[in-house]
S.K.: 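Below you'll find the structure I mean.
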Amino acid sequence: MEDAYARSVTEVLDFFGVDPKRGLTDAQVTQHARLYGKNVLPEEKRASFWKLVLKQFDDLLVKILIVAALVSFVLALINGDTGLTAFLEPSVILMILAANAAVGVITETNAEKALEELRAYQADIATVLRNGCFSILPATELVPGDIVEVAVGCKIPADMRMIEMLSNQLRVDQAILTGESCSVEKELESTTATNVVYQDKTNILFSGTVVVAGRARAIVVGVGTHTAMGGIHDSMLRTEDEVTPLKKKLDEFGTFLAKVIAGICVLVWIVNIGHFRDPAHGGLLRGAIHYFKIAVALAVAAIPEGLPAVVTTCLALGTKRMARLNAIVRSLPSVETLGCTTVICSDKTGTLTTNMMSASKVCVLHTVQHAPVISEYSVSGTTYAPEGTIFDSTGLQLELPAQSPCLLHIAMCSALCNESILQYNPDKGNYEKIGESTEVALRVLAEKIGLPGFDSMPSSLNMLSKHERASYCNHYWEDHFKKISVADFTRDRKMMSVLCSRNQLQIMFSKGAPESIISRCTNILCNDDGSTIPLTASIQAELESRFHSFAGKETLRCLALAFKRMPMGLQSLSHNDENDLTFIGLVGMLDPPREEVRNAMLSCMTAGIRVIVVTGDNKTTAESLCRKIGAFDHLADLAGHSYTATEFEELPALQKTLALQRMALFTRVEPSHKRMLVEALRHQNEVVAMTGDGVNDAPALKKADIGIAMGSGTAVAKSASDMVLADDNFATIVAAVAEGRAIYNNTKQFIRYMISSNIGEVVCIFVAAVLGIPDTLAPVQLLWVNLVTDGLPATAIGFNKQDSDVMKAKPRKVNEAVVSGWLFFRYLVIGAYVGLATVAGFIWWFLYFDSGPKLPYSELMNFDSCSTRETTYPCSIFDDRHPSTVSMTVLVVVEMFNALNNLSENQSLL
């Protein structure tokens with residue numbers, strides 16, 4: 001049922017023909033299972049191992065190499081070669097390719113686990129009403145129309161429409177789906193809004209989200225692929241893997257090389273057509289084959305055999321370096337994609353912020369001797385760890401916060417009027433919450449305030465183990481006060497109260513929305529002497545103005561705390577008891593930004609990378625955070641830079657295009673919007689990096705040029721990504737981008753080095769063929785030069801450190817060629833002198849070398865007719881390996897100088 005959120009409870013019940021008191025009958029269950037399918041996500045076909053292996057050979061350079069290997073093997077057989085010589089060249093080429101494929105396969109087999117892990121977010125069991133009685137069933141057996149009961153800690157088993165509240169309220173943490181930093185209150189009323197997003201469907205419980213407060217009953221309206229999670233699964237399946245910029249460039253380069261090689265081979269053949277009939281070859285066909293062999297030697301010379309292996313090695317080394325920076329790369333080519341990133345779409349909750357609600361401001365009445373004076377305290381610490389200090393308005397640290405009467409009462413109220421749990425997880429090495437994040441923030445605040453009367457308190461607390469320290473102060477208050485009764489939070493009161501007793505004294509502590517609490521207070525606690533005085537209109541106005549500045553300008557979530565002495569013997573609380581309260585103070589909390597994000601934002605701007613903050617949260621909270629982290633520093637005003645998803649969708653096409661070019665913040669988004677944003681930016685030729693941690697981010701992570709998941713995020717997001725940030729830190733992305741740029745620069749340098757070397761070899765063979773002198777280099781020598789002489793220096797160039805100004809340049813254009821026209825011309829010139837020097841060495845041996853034959857040049861040119869003429873020297877002289885050795889030595893020495901030449905494109909070696 002697609003529009004259950006817009007229908008009333010009775011309409012939904014009638015649609016499925018179910019009685020809310022009895023649930024479905026067995027016959028209906030069978031019928032619905034047949035109609036709507038099972039509550040499981042379908043398995044995706046995994047690519048077989050052999051397909052992965054073959055994929056590694058799907059590269060033009062590699063294919064050219066395979067053809068060269070086969071041709072040289074066939075020619076060796078035709079020549080009647082046997083043993084090592086026939087197989088040496090083809091087998092060396094194939095070994096290189098096999099090693100290259102192995103690295104690729106190992107890297108990629110770790111990748112496709114995404115969809116399996118999505119299933120971990122489906123609940124295992126559900127409490128279901130069928131045939132009039134409740135039973136616990138596997139979640140996979142649920143069908144639309146089932147009535148399910150959910151309570152605190154319960155993982156929602158399918159998409160469901162609320163039908164009955166069994167407590168005052170029901171709150172659900174749906175950050176995994178929408179990225180909202182706070183839990184969401186659910187209700188029974190239908191939604192009338194149009195263009196609704198997940199966040200607006202307040203009567204729907206989404207599969208995979210978790211209940212953090214309350215109990216309720218709901219009717220299943222969607223199972224399997226028809227749930228919000230199922231939709232994400234589908235869109236991940238629909239996302240095709242894109243080719244990375246480097247792969248595109250290498251393929252283009254391969255195509256270019258293939259054409260050049262084909263051209264040269266045909267040219268050599270045509271130039272020598274006149275020599276086909278030379279008697280030395282023994283007939284026309286043998287002559288043709290002889291020159292075909294020369295053409296193949298040329299092809300082997302022109303192809304940089306080592307290139308695929310060197311590129312893979314360089315990228316693999318890059319991934320190791322990145323791992324040291326806490327960026328774990330899951331697919332090799334994405335290392336380099338980072339280098340040309342032009343836009344980073346960053347998730348707000350958990351990436352730019354810590355996703356741990358923390359109390360940051362406390363406001364109390366100090367004194368009213370002359371006029372009301374309000375004290376403001378700020379609290380440090382941005383996580384759930386009970387570590388942090390309290391500073392007064394002048395910035396001085398309070399040594400013993402618990403000696404201030406108001407702070408002491410805030411600690412008591414925070415610890416007692418609280419249903420959440422804070423504990424230390426030794427496996428993960430961090431503090432974890434169970435329950436509402438705002439309540440946990442109050443627990444942590446109570447720990448930071450500490451306990452009264454212990455002068456050495458801060459130091460003695462530090463001696464506790466982390467497990468004991470997590471809630472030590474909270475347990476102290478819970479041991480001293482006995483809880484008698486609780487009045488739960490309700491929407492109309494917007495507050496919660498708890499009745500406690502201690503030493504013949506009964507006290508009620510209350511917390512809630514500031515407007516509700518302040519309106520019920522008649523007295524207020526003073527911080528200078530602990531006295532209670534009447535709450536006058538002027539003090540109330542002062543408090544309200546502080547509340548509005550907290551909630552407005554600073555976008556803090558505010559709670560007010562109060563207490564009241566109760567008569568002895570009271571056993572339960574009524575709502576009438578919650579009047580005539582004594583006001584203690586205001587606490588403002590936020591999901592705090594990470595400390596290192598601001599500098600990282602600056603680096604991005606210097607490097608010409610635009611950051612778009614993308615979040616499911618509301619606009620004002622997100623704008624306030626963006627100001628804190630410097631995302632808006634370069635903007636005079638926010639008009640045209642900050643949009644909600646709905647505002648953006650309502651824009652006409654042309655304005656959408658303009659908005660995309662200027663956007664810095666995108667709020668109230670759901671998964672489909674993230675994916676749409678990535679697609680739209682890519683249409684504008686941007687290279688997009690997308691960060692995310694929730695299941696909701698997976699489709700966009702897969703769609704982006706580079707998907708970056710958080711280490712603490714869901715397994716699904718990690719598996720859909722190209723890179724995982726072990727420390728969840730936005731700043732790590734910036735370091736990784738610098739590394740990616742350095743890797744590309746090095747790759748470019750060694751590709752250019754290998755190409756200029758190969759041009760030299762081609763020139764050498766081509767000139768020899770044109771002059772009509774014997775083969776200067778044997779194919780095996782060429783192979784050795786290409787692999788060892790070129791491969792090792794090229795790998796060394798890949799190790800070069802990044803330039804100091806690597807993050808000051810604008811991102812390179814995606815369509816920038818690795819070897820452009822002018823560069824190719826430069827390499828032709830270099831190649832020409834390398835080739836000519838090699839041929840010169842060969843000729844020198846025959847003509848001038850003391851131990852050589854000292855032939856006239858004309859004899860060398862007519863070497864192939866030697867057997868048919870009378871000569872003063874044996875014809876076997878032309879098969880001597882010495883001249884080839886001289887050529888190869890010359891070639892190798894020149895290549896070494898060429899390697900130094902390629903350390904920098906335009907700068908001098910000195």
Side-chain angles (χ1 to χ4, degrees), residues 152 165-171 183 185 212-215 359 362-365 405-422 435-443 445-446 449 473-525 532 535 540 543 547 557-589:
V152 178
M165 278 280 190
L166 301 175
S167 59
N168 294 322
Q169 61 157 355
L170 183 83
R171 297 188 74 86
S183 60
E185 190 173 341
V212 292
R215 261 177 75 213
V362 177
C363 162
V364 296
L365 176 70
C406 286
L407 290 179
L408 180 66
H409 280 77
I410 283 176
M412 280 187 223
C413 186
S414 297
L416 298 166
C417 194
N418 202 317
E419 303 280 295
S420 67
I421 298 171
L422 173 67
E436 251 327 324
S437 49
T438 47
E439 292 202 326
V440 179
L442 289 176
R443 284 232 183 268
L445 176 63
I449 291 171
C473 304
N474 281 279
H475 291 329
Y476 173 88
W477 293 118
E478 285 166 348
D479 294 343
H480 279 251
F481 286 88
K482 180 169 168 272
K483 276 193 194 179
I484 299 170
S485 167
V486 176
D488 278 327
F489 183 97
T490 57
R491 296 183 68 176
D492 48 345
R493 288 164 39 246
K494 290 196 176 158
M495 61 186 289
M496 149 188 191
S497 300
V498 56
L499 178 64
C500 304
S501 70
R502 178 191 184 185
N503 306 343
Q504 303 303 306
L505 193 69
Q506 286 206 341
I507 299 183
M508 176 182 77
F509 288 105
S510 302
K511 74 162 193 280
E515 62 276 20
S516 304
I517 296 274
I518 293 175
S519 64
R520 294 165 190 262
C521 288
T522 49
N523 296 316
I524 186 165
L525 189 66
T532 303
L535 178 62
Q540 188 167 337
L543 283 175
F547 162 53
R557 291 198 61 184
C558 294
L559 285 177
L561 310 180
F563 74 101
K564 179 184 179 182
R565 294 241 173 132
M566 304 301 280
M568 281 303 295
L570 194 69
Q571 287 305 310
S572 66
L573 288 175
S574 73
H575 293 174
N576 295 332
D577 292 328
E578 295 178 321
N579 289 316
D580 301 328
L581 306 177
T582 301
F583 184 86
I584 307 173
L586 268 182
V587 177
M589 38 190 115

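Keep in mind that this is a model prediction, so the values were computed, not measured. Every heavy atom of this structure was used, including side-chain atoms; hydrogens, water molecules and symmetry mates were not.
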S.K.: Is the Phe509 ring parallel, tilted or perpendicular to the Phe481 ring (thresholds 30°, 60°)?
M.R.: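 Phe509 and Phe481: perpendicular rings.
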S.K.: If you measure from CD1 on Ile524 to OG1 on Thr532, what distance do you get to the nearest 0.5 Å?
M.R.: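 Separation between the atoms: 10.0 Å.
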S.K.: Roughly how far, to the nearest 0.5 Å, is the CE atom of Met495 from the CZ atom of Phe489?
M.R.: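 Here the interatomic distance stands at 10.0 Å.
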S.K.: If every non-hydrogen atom of Ala562 is compared with every non-hydrogen atom of Cys521, which pair is closest and at what distance?
M.R.: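 Heavy-atom minimum between the residues: CB-SG, 4.1 Å.
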S.K.: Show the nearest heavy-atom pair for residues Val212 and Val152, with the distance to one decimal.
M.R.: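 Heavy atoms only, the tightest pair is O-CG1, 3.8 Å.
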S.K.: Working to the nearest 0.5 Å, report the span between CE of Met412 and CG of Leu561.
M.R.: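 Here the rounded value is 12.0 Å.
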S.K.: Run the side chain to side chain contact (heavy atoms under 4.5 Å, CB included) test on Val364 and Ile410 for me, step by step, so that the C-alpha distance in whole Å, both residues' side-chain angles and the decisive distance to 0.1 Å come before the verdict.
M.R.: CA-CA 10 Å; Val364 296; Ile410 283 176; 3.9 Å; yes
S.K.: Take atom CZ of Arg502 as the centre, draw a 6.0 Å sphere, and report whether it contains more than 12 heavy atoms from other residues, nucleotides or ligands.
M.R.: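 It does: Arg502 CZ has more than 12 such atoms within range.
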S.K.: With rounding to the nearest 0.5 angstrom, report the CG to CD1 distance, Leu543 to Ile517.
M.R.: 12.5 Å
S.K.: Say you draw a straight line from OG of Ser485 to CG of Leu573; how long is it, rounded to the nearest 0.5 Å?
M.R.: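 Nearest 0.5 Å value for the OG-CG distance: 4.0 Å.
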S.K.: Got a sec, which residues hit salt bridge (Lys or Arg N to Asp or Glu O under 4.0 Å) with Arg215, two or more places apart in sequence or on another chain?
M.R.: Glu149
S.K.: Before you tell me yes or no, could you show the steps for Met589 and Leu559 under side chain to side chain contact (heavy atoms under 4.5 Å, CB included), namely the whole-Å CA-CA distance, both residues' side-chain angles and the distance that decides it to 0.1 Å?
M.R.: CA-CA 8 Å; Met589 38 190 115; Leu559 285 177; 3.7 Å; yes
S.K.: Would you compute the distance between atom CH2 of Trp477 and atom CG of Leu408 and round it to the nearest 0.5 angstrom?
M.R.: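 So the CH2 of Trp477 and the CG of Leu408 are separated by 4.5 Å.
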S.K.: Looking at Ser516 and Ser519, what are the two nearest heavy atoms and their distance?
M.R.: O-OG, 2.8 Å
S.K.: Does atom NZ (Lys483) have a neighbourhood of more than 12 heavy atoms from anything else shown, all under 6.0 Å?
M.R.: yes
S.K.: Should Ser574 and Asp577 count as side-chain neighbours, where that means a heavy-atom distance under 4.5 Å?
M.R.: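 Touching, per the 4.5 Å side-chain cut-off.
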S.K.: Just by modelled atom types, is the Ala415 backbone N or O under 3.5 Å from a matching donor or acceptor in the Arg443 side chain?
M.R.: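 Here the side-chain-to-backbone pair exists.
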S.K.: In a check of side-chain contact (heavy atoms from CB on, under 4.5 Å) between Ser510 and each of Cys413, Ser497, Cys417, which one passes?
M.R.: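 Among Cys413, Ser497, Cys417, the one meeting side-chain contact (heavy atoms from CB on, under 4.5 Å) with Ser510 is Ser497.
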S.K.: Where do Leu416 and Glu478 land on the side chain to side chain contact (heavy atoms under 4.5 Å, CB included) test, with the steps shown first?
M.R.: CA-CA 6 Å; Leu416 298 166; Glu478 285 166 348; 4.2 Å; yes
S.K.: Search all heavy atoms of Ser572 against all heavy atoms of Leu499 and return the closest pair with its distance.
M.R.: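 Taking every non-hydrogen atom into account, N-CD2, 4.5 Å.
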S.K.: Quick one: closest heavy-atom pair of Leu570 and Met566, and the distance?
M.R.: CD2-CE, 3.6 Å
S.K.: Looking only at atom types and distance, does a side-chain atom of Lys564 sit under 3.5 Å from a main-chain N or O of Asn579, one as donor and one as acceptor?
M.R.: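 Side chain of Lys564 to backbone of Asn579: a pair is present.
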S.K.: When you measure from the side chain of Arg493 to the backbone N and O of Asp488, does any donor-acceptor pair fall under 3.5 Å?
M.R.: yes
S.K.: If I compare all heavy atoms of Thr582 with all of Leu525, which pair ends up nearest, and what's the gap?
M.R.: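 Answer, listing the atom of Thr582 first, then Leu525: CG2-N, 3.9 Å.
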S.K.: Could you list all the side chain to side chain donor-acceptor pair (under 3.5 Å) pairs where at least one residue sits in residues 407-419, not counting sequence neighbours?
M.R.: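 Sorted result for residues 407-419: Asn418-Ser420.
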S.K.: Name all pairs fulfilling the salt bridge (charged side-chain N to carboxylate O under 4.0 Å, His left out) condition that reach into residues 504-517, sequence neighbours left out, sorted by first residue then second.
M.R.: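 Qualifying pairs: Glu439-Lys511.
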S.K.: Ignoring hydrogens and geometry beyond distance, is a side-chain donor-acceptor pair present between Thr490 and Asp492 at under 3.5 Å?
M.R.: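 Note: Thr490 and Asp492 side chains meet the donor-acceptor criterion.
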S.K.: Show, in sequence, the C-alpha distance, side-chain angles and deciding distance for Ile449 and Cys473, and conclude whether the side chain to side chain contact (heavy atoms under 4.5 Å, CB included) test is met.
M.R.: CA-CA 9 Å; Ile449 291 171; Cys473 304; over 6 Å; no
